[in-house]
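Okay, structure first, notes after.
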Amino acid sequence: MYGKLIIEGELEALTGLHIGAGPSLGPTAADLPVVRDHQGRPYVPGSSLKGKWRTLLARALAQRWIVNDPGHDAEEVIRLFGAPAIEGQAARPGRLIVCDAPLLASPGDFLATEIKQEVAIDRATAEARVRSLERVVPGSRFALRIIYTASEAAEAGADLQNLAGAMELLTMDSLGGHGSRGSGRVAFRGMKVRLGYGDAFDDRDLAFLNNEVFRDDALNL
């Protein structure tokens, strides 16, 4: 069995979204700017999504970790996201490719961002320190594209259920920084699955994935 599925849709920022480019070293509007593409538009790095999904899924399946190897991800997590080479074991590639998500539309201006002023209080000296945080404005939408490589028929269904589960978990968590202070709430809209290559999935499989696994109300709470 071999085939590739393409899973596409939109990610919407429900609150301000900060995926940082690191501390500003030059004259910018914010101390902590967001990451931008070569045209200056905010985007969501595929690595940010993939890393968050892996962390959330690994936590959800933590009770199934190998007892004698604490910290080892469950096999379901490794299948999707891969594992590095350790202790003489070869690296295992994951079955997911998560592409960078470009900005589709924003209710804000061309830059699609806002500046949020934050005040930190030094508990020892009671001194206030002000910093500015750049966030993508709520309502901004990004184009998602995920590619899944199927190699084992018995595992493909479970893999995709786990991917959808990780997406649902993210809607109950946060993406990017400052989630405990309200940033980073997201939703997934209009996710659709289509066959990109091979005959690993038939029309019945695709109908089930679109109508049950990746439908909006299954992914968003």
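For reference, positions follow the sequence shown, starting with 1. None of these values were measured; they are calculated from a predicted model.
- Taking the side-chain hydrogen bond (donor to acceptor under 3.5 Å, both in side chains) definition, one finds that Asn210 meets it with nothing, sequence neighbours left out.
- Here the shortest heavy-atom pairing between Pro93 and Ala91 reads CD-O, 3.8 Å.
- Expressed to the nearest 0.5 Å, how far CD of Glu155 lies from CG of Asn162 amounts to 11.0 Å.
- Two residues are said to be in side-chain contact when any heavy atoms from C-beta on lie closer than 4.5 Å; Leu17 and Val44 meet this criterion.
- Placement of Val34 and Ile19 in two distinct hydrophobic clusters is found when ILVMFWY residues are connected by side-chain heavy-atom separations under 4.5 Å, directly or transitively.
- Taking hydrophobic clusters as Ile, Leu, Val, Met, Phe, Trp and Tyr residues chained together by side-chain heavy-atom distances below 4.5 Å, Phe201 does not share a cluster with Ile6.
- For Asp202, the side chain to side chain contact (heavy atoms under 4.5 Å, CB included) criterion is met by Arg204, Asp205, not counting sequence neighbours.
- Linking Ile, Leu, Val, Met, Phe, Trp and Tyr residues whenever their side-chain heavy atoms come within less than 4.5 Å leaves Leu14 and Met172 in two separate clusters.
- In this structure the side chain of Val98 reaches within 4.5 angstrom of the side chain of Trp53, judged on heavy atoms.
- Using modelled atom types, no side-chain atom of Arg54 and backbone atom of Leu80 make a donor-acceptor pair closer than 3.5 Å.
- With sequence neighbours excluded, the residues forming a salt bridge (charged side-chain N to carboxylate O under 4.0 Å, His left out) with Lys52 are Asp173, listed by chain and number.
- A 4.5 Å side-chain heavy-atom check between Thr113 and Pro42 finds at least one atom pair inside the cut-off.
- In this structure, CZ on Arg41 lies 10.0 Å from CG on Leu104, to the nearest 0.5 angstrom.
- The CZ atom of Phe214 sits 5.0 Å away from atom CG of Leu160, with the distance rounded to the nearest 0.5 Å.
- The local environment of CG in Asn211 is crowded, with over 12 non-hydrogen atoms from other residues, nucleotides or ligands closer than 6.0 Å.
- Residues passing the salt bridge (charged side-chain N to carboxylate O under 4.0 Å, His left out) test with Arg135 are Glu114, sequence neighbours excluded.
- Note that CG of Leu57 and CZ of Phe81 are 6.0 Å apart. Values are rounded to the nearest 0.5 Å.
- Hydrophobic clustering of Ile, Leu, Val, Met, Phe, Trp and Tyr side chains at less than 4.5 Å, counting indirect connections, unites Leu195 with Leu144.
- When all heavy atoms are compared, the tightest approach of Leu56 to Ala166 is CD1-O, 4.2 Å.
- The shortest heavy-atom contact between Asp100 and Gly46 is OD1-N, 2.7 Å.
- With sequence neighbours left out, the salt bridge (charged side-chain N to carboxylate O under 4.0 Å, His left out) criterion links Arg189 to Glu12.
- Applying the ring-ring contact (aromatic ring centres under 6.0 Å, His included) test to residues at least two apart or on different chains, none of the pairs has a partner in residues 136-160.
- Residues forming a salt bridge (charged side-chain N to carboxylate O under 4.0 Å, His left out) with Asp159 (at least two apart in sequence, or on another chain): Arg79, Arg95.
- Taking all atoms of both residues into account, the shortest heavy-atom contact from Ser48 to Leu175 is O-CD1, 4.0 Å.
- Ile78 and Ile147 fall into different hydrophobic clusters, where Ile, Leu, Val, Met, Phe, Trp and Tyr side chains are chained together by heavy-atom contacts under 4.5 Å.
- Contact check for Leu49 versus Leu11: side-chain heavy atoms found under the 4.5 Å cut-off.
- Looking at residues two or more places apart in sequence or on another chain, you find a side-chain hydrogen bond (donor to acceptor under 3.5 Å, both in side chains) between Lys4 and Thr149.
- Taking the side-chain hydrogen bond (donor to acceptor under 3.5 Å, both in side chains) definition, one finds that Arg194 meets it with Glu8, sequence neighbours left out.
- For Pro107 against Pro138, the heavy-atom pair with the smallest separation is CG-O, 3.2 Å.
- If you take OG on Ser174 and CZ on Arg181, they are separated by 11.0 Å, rounding to the nearest 0.5 Å.
- Here the CD-CE distance, from Glu10 to Met191, works out to 9.5 Å after rounding to the nearest 0.5 Å.
- Closest heavy-atom contact between Gly184 and Thr15: N-OG1, 3.2 Å.
- A search for side chain to side chain contact (heavy atoms under 4.5 Å, CB included) contacts involving Thr55 returns Arg59, not counting sequence neighbours.
- When the side-chain hydrogen bond (donor to acceptor under 3.5 Å, both in side chains) test is applied to Gln161, no partner is found at least two apart in sequence or on another chain.
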Practice problem: Any chance you could lay out the side-chain contact (heavy atoms from CB on, under 4.5 Å) test for Ser106 and Val136, step after step, and finish with the verdict? | Solution: CA-CA 9 Å; Ser106 172; Val136 175; 5.6 Å; no
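- Looking only at distances, a side-chain donor or acceptor of Arg215 sits under 3.5 Å from a matching main-chain atom of Glu212.
- Pairs of residues two or more places apart, or lying in two chains, that qualify as ring-ring contact (aromatic ring centres under 6.0 Å, His included) and include a residue from residues 166-191 are His18-His178.
- A heavy-atom distance below 4.5 Å is found between the side chains of Leu206 and Leu5.
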